[in-house]
Amino acid sequence: MTKKDITEENKEDVNNGGYDAPSNVNEVEVINTYELEEKAKEVVPKGGFDYMSGASGDEFTLQQNTKVWDKKGILPRVLADVEFPETSTSIFGQELKVPFVMSPIAAHGLAHQTKEAGTARGIAEFGGSIMSISAYSGASFSEIEEGLKDNKRWFQIYMSKDDEMNKNIIDEAKSDGASAIILTADATLGGNRDRDDRNKFVYPFGMPIVSRYLKGDAKNMSLNNIYAQSKQKISTDDVHFLKEYSGLPVFVKGIQTPEDTMSALGAGADGIWVSNHGGRQLDGAPGSFEALESISKAVQGRAPIVFDSGIRRGEHMFKALAAGADIVGIGRPVLYGLALGGWKGVQSVFEYFENDLRRVMQLAGTQTIEDIKKARLFDIK
């Protein structure tokens, strides 16, 4: 599908309600990802930008996600015989060229007219990573496949109150090629997102994957309205259900305590996903990195740990891996790259993180991802 085909095919849908998402496709120069946010603000409509960049309450947890990196430093090793660091790793038998993946995020169409298909193509062109597809995607599985083209993907489910409907969604995700299921457990309702309330934000397009259980297709709905029609009462029974029905590895996403880690593993979870939803749910929760070390000690290597919320630099990835993560998830920076350059912008962001991580690995004296996991961090007073 060409740029012309994608933009013309989706423009009428995305622009409903006067929402005019960017449509340009170009490489993006990434000096650092903080600047991407500033630049994206200039091209994305205010309601959409505030939805993507904002968080709940006073946005304390959002700010903590990036501030907490300053509590730990990296002890560099020299005379380490390191050159051309190797970023390859694997998870659930899948080989990756980098230890980071795309975290599941709803409604990419707010950033760009190509929606998740644009993100998917950028990841596919980069190669060697994984796209996590959100059930709250503004694009269908088939539209995403146009860009992803057989690249690896995981599926994140927001469950229906009807398990037969959940089975239907899982069947479609598996048919689409999903190799793992992500149960997001920290979003049984929306956080108090003041920016969205102030903007009276509603989605300007539908959500094809979950439209089968919504009263409507999500167009012109608020996030709280959509959450209210999804399942709120999430328990270990849901982990059992997803494991047994899907036959795929299941992550529990939103873990922030050792106690919930043990509950998830006891319920049969194959992976632990440490995340506070980018600060978008419970304000006052710890910065995600603050929770990682205690969770890693609870896991004791029994299951892979994916970590997200607050990743902005290669140093952040390094610290997360050194503190116990196996894979790192990136989120908002990818959407900002999508807004600024479509699929080429997404590819630019992935390449930035790959190069930045290699730089940190070289300077820290670590040749491989396993070396990072053995690296020492120190407390900053």
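Index from 1, following the sequence.
Between the side chain of Thr114 and the backbone N or O of Ala117 there is no donor-acceptor pair closer than 3.5 Å. Judged purely by atom type and a 3.5 angstrom limit, Glu145 uses its side chain to pair as donor or acceptor with the backbone of Asp150. Looking at Ser275, its side chain never comes within 3.5 Å of a backbone N or O of Ser309 through a donor-acceptor pair. Checked by atom type and distance alone, the side chain of Thr61 never pairs as donor or acceptor with a backbone atom of Asp283 at under 3.5 Å. Judged purely by atom type and a 3.5 angstrom limit, Asn192 uses its side chain to pair as donor or acceptor with the backbone of Gly57. Remark: side-chain polar atoms of Asp356 are not paired, donor with acceptor, to backbone N or O of Arg313 under 3.5 angstrom. Put simply, the side chain of Gln281 never gets that close to the backbone of Gly190: no donor and acceptor are under 3.5 Å apart. Here the side chain of Lys174 pairs a donor or acceptor atom with the backbone of Ser246 at under 3.5 angstrom. No side-chain donor-acceptor contact under 3.5 Å links Trp69 to the backbone of Lys319. In terms of modelled atom types and a separation under 3.5 Å, the side chain of Ser263 and the main chain of Asp260 share no donor-acceptor contact.
Asp58 CG: 12 or fewer foreign heavy atoms inside a 6.0 Å radius. Other residues, nucleotides and ligands place no more than 12 heavy atoms under 6.0 Å from the CD atom of Glu29. Atom CZ of Phe84 is surrounded by 12 or fewer heavy atoms from other residues, nucleotides or ligands within 6.0 Å. Dense packing is recorded around NZ of Lys231, with more than 12 heavy atoms of other residues, nucleotides or ligands lying under 6.0 Å away. Within a 6.0 Å sphere centred on NZ of Lys167, other residues, nucleotides and ligands contribute more than 12 heavy atoms. Annotation: Glu27, atom CD; neighbour count of heavy atoms from other residues, nucleotides and ligands within 6.0 Å does not exceed 12. Counting non-hydrogen atoms of neighbouring residues, nucleotides and ligands closer than 6.0 angstrom, the CZ atom of Arg376 reaches no more than 12 such neighbours.
Rounded to the nearest 0.5 angstrom, Ile133 CD1 and Ile105 CD1 are separated by 13.5 Å. We find the OG1-CD distance between Thr261 and Gln256 to be 10.0 Å, quoted to the nearest 0.5 Å. Distance CD/Gln367 to CD/Glu86: 4.5 Å, rounded to 0.5 Å. Here Asp238 contributes atom CG and Met159 contributes atom CE; the two are 4.5 Å apart, rounded to the nearest 0.5 Å. One finds the CG atom of Leu265 at 5.5 Å from the CZ atom of Arg302 (value rounded to the nearest 0.5 Å). Between the CG atom of Asp308 and the OG atom of Ser132 there is a distance of 9.0 Å, given to the nearest 0.5 Å.
Taking the six-membered ring for Trp and thresholds of 30 and 60 degrees, Tyr227 and Tyr136 have ring planes inclined between 30 and 60 degrees apart. Using the six-membered ring where Trp is involved, Phe350 and Phe100 have ring planes that are tilted, between 30° and 60° apart. Under the 30°/60° scheme for interplanar angles, the aromatic rings of Phe92 and Phe251 are found to be tilted.
Within the 4.5 Å cutoff, the side chain of Phe155 has heavy atoms near those of the Ile209 side chain. Put simply, the side chain of Phe318 reaches to within 4.5 Å of the side chain of Ile74, judged on heavy atoms. Counting only heavy atoms from C-beta outward, the side chains of Leu96 and Lys152 approach each other to under 4.5 Å.
Taking both residues in full, the closest heavy atoms of Gly329 and Val306 are given as N-CG1, 4.4 Å, listed atom of the first, atom of the second, then distance. What you find for Pro304 and Ile91 is that their closest heavy atoms are CB-CD1, 3.9 Å. Minimum interatomic distance between Ile369 and Ser88 (heavy atoms only, all atoms of both residues): CG1-O, 3.5 Å. Residue Asn32 comes nearest to Tyr352 through the heavy atom pair CA-OH, 3.9 Å, listed as atom of the first residue, atom of the second, then distance. Pairing each heavy atom of Ala111 with each of Val44, the nearest pair is O-CG2, 4.3 Å. Looking at every heavy atom in both residues, Ala178 comes nearest to Leu248 through O-CD1, 3.5 Å.
Residues Leu335 and Met131 share a hydrophobic cluster, clusters being chains of Ile/Leu/Val/Met/Phe/Trp/Tyr side chains in contact below 4.5 Å. Following chains of ILVMFWY side-chain contacts shorter than 4.5 Å, one cannot reach Ile182 starting from Ile144, and the two form parts of different hydrophobic clusters. In the hydrophobic cluster analysis, where Ile, Leu, Val, Met, Phe, Trp and Tyr join through side-chain heavy atoms closer than 4.5 angstrom, Val202 is grouped apart from Met207. A continuous path of ILVMFWY side-chain contacts below 4.5 Å connects Ile181 to Val239, so both sit in one hydrophobic cluster. If you chain together hydrophobic residues whose side chains sit under 4.5 Å apart, Ile372 and Val360 fall into the same group.
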**Study point:** Residues Asp270, Lys243; criterion salt bridge (Lys or Arg N to Asp or Glu O under 4.0 Å); working and verdict
**Key:** CA-CA 9 Å; Asp270 301 277; Lys243 275 279 295 179; 3.2 Å; yes

Check your understanding: Between Leu292 and Ile305, does a side-chain contact (heavy atoms from CB on, under 4.5 Å) hold up when you go through it step by step?
Key -> CA-CA 9 Å; Leu292 176 58; Ile305 297 174; 4.0 Å; yes

Practice item. Take Arg280 and Leu62 through the test side-chain contact (heavy atoms from CB on, under 4.5 Å) and record every step on the way to the result. Key: CA-CA 7 Å; Arg280 295 160 66 81; Leu62 172 67; over 6 Å; no

Point to revise | side-chain contact (heavy atoms from CB on, under 4.5 Å) between Met221 and Gln229, worked out | key: CA-CA 11 Å; Met221 286 187 187; Gln229 297 181 64; 3.7 Å; yes

Check your understanding: Stepwise, does the ring pair (Phe, Tyr, Trp, His ring centres under 6.0 Å) test hold for Phe205 with Tyr19?
Key -> CA-CA 9 Å; Phe205 44 78; Tyr19 190 89; 7.2 Å; no

Exercise for review: Please step through side-chain contact (heavy atoms from CB on, under 4.5 Å) for the pair Glu37 and Phe49, ending with a clear verdict.
Suggested key: CA-CA 9 Å; Glu37 181 173 0; Phe49 178 80; 3.9 Å; yes

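Checked by atom type, the side-chain pair Asn65/Asn276 shows a donor-acceptor distance below 3.5 Å. Using modelled atom types and a 3.5 Å distance limit, the side chains of Ser134 and Tyr158 yield no donor-acceptor pair. Between the side chains of Tyr213 and Asn166, no donor N or O sits under 3.5 Å from an acceptor N or O. A side-chain donor-acceptor contact under 3.5 Å links Arg195 and Ser53. A donor-acceptor contact closer than 3.5 angstrom is absent between the side chains of Asn168 and Glu172.
Separation of the Tyr203 and Tyr51 ring centroids falls under the 6.0 Å cut-off.
Relative to the six-membered ring of Phe126, Lys97 meets both conditions, a distance below 6.0 Å and an angle of at most 45° to the axis.
Under 4.0 Å is where a charged nitrogen must lie from a carboxylate oxygen, and between Arg121 and Glu125 at least one such pair does. Using a cut-off of 4.0 Å between Lys/Arg side-chain N and Asp/Glu carboxylate O, Lys373 and Asp326 are scored as salt-bridged.
By the salt bridge (charged side-chain N to carboxylate O under 4.0 Å, His left out) test, Arg358 is found to be paired with Glu354, residues two or more places apart in sequence or in another chain being considered.
When each of Lys72, Lys67, Lys71 is tested with Glu290 by the rule side chain to side chain donor-acceptor pair (under 3.5 Å), just one qualifies, namely Lys71.
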